[in-house]
Protein chains: 2
Amino acid sequence: MEFFDKIGKMAIGSRLRMLSEIVTEDASKIYNLYGIDFHPKWFPVYYVLAEGKANTITSIAKEIGHSHPSVSKIISEMVKAGLVLEKSETTDGRRNVVSLSAKGNEVTLKIQDQYTDLNSAIEDMLGQTTHNLWKALAEWEFLLEQKSLLKRVTEQQKLRERSNVTIVDFESMYLDAFVNLNTEWISHYFKMEESDYKALNNAEEYILNNGGYILVALYKGEPLGVCALIKYPTDDFDFELAKMAVSPKAQGKNIGGLLGAAVIDKAKSLGAKKLYLESNTILKPAINLYHKLGFVKIPERPTPYERCNIQMELVL
Amino acid sequence: MEFFDKIGKMAIGSRLRMLSEIVTEDASKIYNLYGIDFHPKWFPVYYVLAEGKANTITSIAKEIGHSHPSVSKIISEMVKAGLVLEKSETTDGRRNVVSLSAKGNEVTLKIQDQYTDLNSAIEDMLGQTTHNLWKALAEWEFLLEQKSLLKRVTEQQKLRERSNVTIVDFESMYLDAFVNLNTEWISHYFKMEESDYKALNNAEEYILNNGGYILVALYKGEPLGVCALIKYPTDDFDFELAKMAVSPKAQGKNIGGLLGAAVIDKAKSLGAKKLYLESNTILKPAINLYHKLGFVKIPERPTPYERCNIQMELVL
DNA sequence: TACTTTTACGTAACTAATTACGTAATTAAT
DNA sequence: ATTAATTACGTAATTAGTTACGTAAAAGTA
């Protein structure tokens, strides 16, 4: 089993399966040892019947956490072995009411000792270990019920990706990225307009020297996201959030979200009270993001952009 | 999963299987999350190939602890998916030499992140538990390799049965048992002889009042085994171990062994140096037991019993 | 050199579970 | 009183492994 140490936690499923196989294989031999004609897989069903708790296929399935076809098969095997009786003598004709036969009840007597011995053998093993497998299993079942492994991995993924992204202030070395990333999406969804050329071709003069800012998202050092904070010409707003662009190859890494949050932080630190933005409703993920960031739709107001069909604001 | 708490350790196999199922089901979704077209069950094989360690079906199987048909199937699936290449261009025409294809190597790049994230997710879970599942699994694998569950249960069984057996000195209330148990096996394998009647019908007089002893094995209070220690008439031996009988319904509980050991102890405590016994070689389990107790075959000597064809002694 | 044993590995059949699906009985809703 | 939805459960197909078996190549042996 040393293989598992190298392979890491990736194969915990395989590892559990293998141990389960080793254990159940021996379980089968153990029944033999006690002279009981019994398959280990019957045990959960048998146990429920011996307790006299549930007595229809579905209720047993629910009790033991199996699917009903599984119980159905086990019951038919146990019927064949003479351990279980089926009867439909209830008011509900769909139900298959089952119970232990006389022979099935005999097993109960025989199985007592085995139960005791297996229990002590396992207790003995648990006593020899420093890490209690039984309790560890219960803890894992609990944790996985609270939050699935899938969700946990997704969270780790987000966490890791976030650490790959750093948001930095604009420098002239990022000018190309600022222009290209914006040109790319604008000409993909719409067409470049007069105001686009103005803002992109003279970014430093038009945005930065005018009291505005540009933030750049670096993904593993590469500038793959940009966003501008342009000083708003009137008193209605402090800044306009504009020219936000994220490279398609960095999509799904929440770079937009990080960039947006950073831009808002920046505005806040500058004492801004109100942000403005313009967009188009066909850009669903963008609108969604703005929403998440706290922007709300406002009534139509004049804009130099042809593609603009929605305007939003964020009160800080 | 509360079912398992009631059912006890009996279903540890089921419990392991269920957890394994939950985990591997999510594993499949996790590959999806990272855009990798990959079945979780391929992973162990893939890992070995990526490490460049083993490259034939059997060697991979050995490495990962699967059967070779399992690896064979996985390889053919991975070949179909274009991740693995097969070639028989070796000197040994039986071997199927496999390796990752270019596409297979691409997976290595994609899988890195997933590997990291899954590892951290699991480490995170392990950190949240007080009982470390990972280490507990390793401990169980180790313990079961040392001694199988079957063997452990067998030992517990022996231990428990021993506690059900008590060896007591003869009392007149056990006379019936002494007579019946002996009559039963003697007339089953042979026929009752003159000396049998003498010893059984006048046990108290013939054995006890003659410096001999009778010990009784009580199984859960019931006298199911007897054994006599008869004063030997000459100086050759101190006692003859005779009239040992165990009820067929208590067979396999090592009552003979316990009884034998107790009788020898008794003889020792009486200062005896040499014990004698007579038997017949068709009684294999008995001869076997005498052997285990330390008796060795001795040359033929006169005996009143027709059925006797072997004689043994034990030097204390 | 010829014969036997071992090794490598594929195919087939089995196992213990699952999902998917169909059918009949019951219950709820119009 | 119909009709629709739900429930109970069996059968079939699928899954991820196993053992059993057969065949061909290689290695060992007389």
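Just so it is clear, the structure is predicted and the values come from calculations on it, not from any experiment. Just so we're on the same page: letters track the sequence lines, and every chain starts at 1.
- Straight-line distance from the CD1 atom of A/Ile22 to the P atom of D/dT19: 12 Å, rounded to whole Å.
- Between B/Gln157 and A/Asp117, the side chains place no donor N or O within less than 3.5 Å of an acceptor N or O (distance only, hydrogens not considered).
- Counting non-hydrogen atoms under 4.0 angstrom, B/His39 reaches nothing in the nucleic acid.
- Between B/Leu19 and A/Trp140, some side-chain heavy-atom pair lies under the 4.5 Å cut-off.
- Between C/dA17 and B/Arg17, a contact under 4.0 Å exists linking OP1 or OP2 to a side-chain N or O.
- Side-chain proximity of B/Lys73 to the nucleotides C/dA17, D/dG17, D/dT19 is greatest for D/dG17.
- Candidate nucleotides D/dT19, C/dA16, D/dG17 were compared by shortest atom distance to the side chain of B/Ser67, and D/dT19 ranks first.
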Tabulate protein N/O versus nucleotide N/O from nucleotides 5-8 of chain D, keeping only pairs under 3.5 Å, one per line.
unit_1, atom_1, unit_2, atom_2, d
D/dT7, O2, A/Arg94, NH1, 2.7

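- Using bins of under 30°, 30° to 60° and over 60° for the plane-to-plane angle, the ring pair A/Phe38/A/Trp42 lands in the perpendicular bin.
- For the pair A/Met18 CE and D/dA16 C1', the interatomic distance rounds to 12 Å; values are reported in whole Å.
- Between the NE2 atom of B/His68 and the P atom of C/dC9 there is a distance of 8 Å, rounded to whole Å.
- To the nearest angstrom, P of D/dT18 lies 6 Å from CD of A/Glu21.
- Taking atom CD of residue B/Glu77 and atom P of nucleotide C/dT11, one finds them 13 Å apart after rounding to whole Å.
- For the pair A/Lys62 NZ and D/dC9 P, the computed distance is 12 Å after rounding to whole Å.
- For the pair A/Phe43 CZ and C/dA17 P, the computed distance is 14 Å after rounding to whole Å.
- Salt bridge annotation for B/Glu21-B/Arg17: present, with a cationic side-chain nitrogen under 4.0 angstrom from a carboxylate oxygen.
- Taking 4.0 Å as the cut-off between side-chain N and carboxylate O, A/Lys151 and A/Glu155 do not count as a salt-bridged pair.
- For the residue pair A/Asn119 / A/Glu123, no side-chain donor-acceptor distance below 3.5 Å is found, with atom types taken as modelled.
- Of the possible donor and acceptor atoms, one in the side chain of B/Thr24 sits under 3.5 Å from a partner among the backbone N and O of B/Ser20.
- B/Glu63 places its CD atom 15 Å from the P atom of C/dA8, with the value rounded to the nearest Å.
- Evaluation of atom-type donor-acceptor distances gives no pair under 3.5 Å for the side chain of B/Lys41 against the base of D/dG17.
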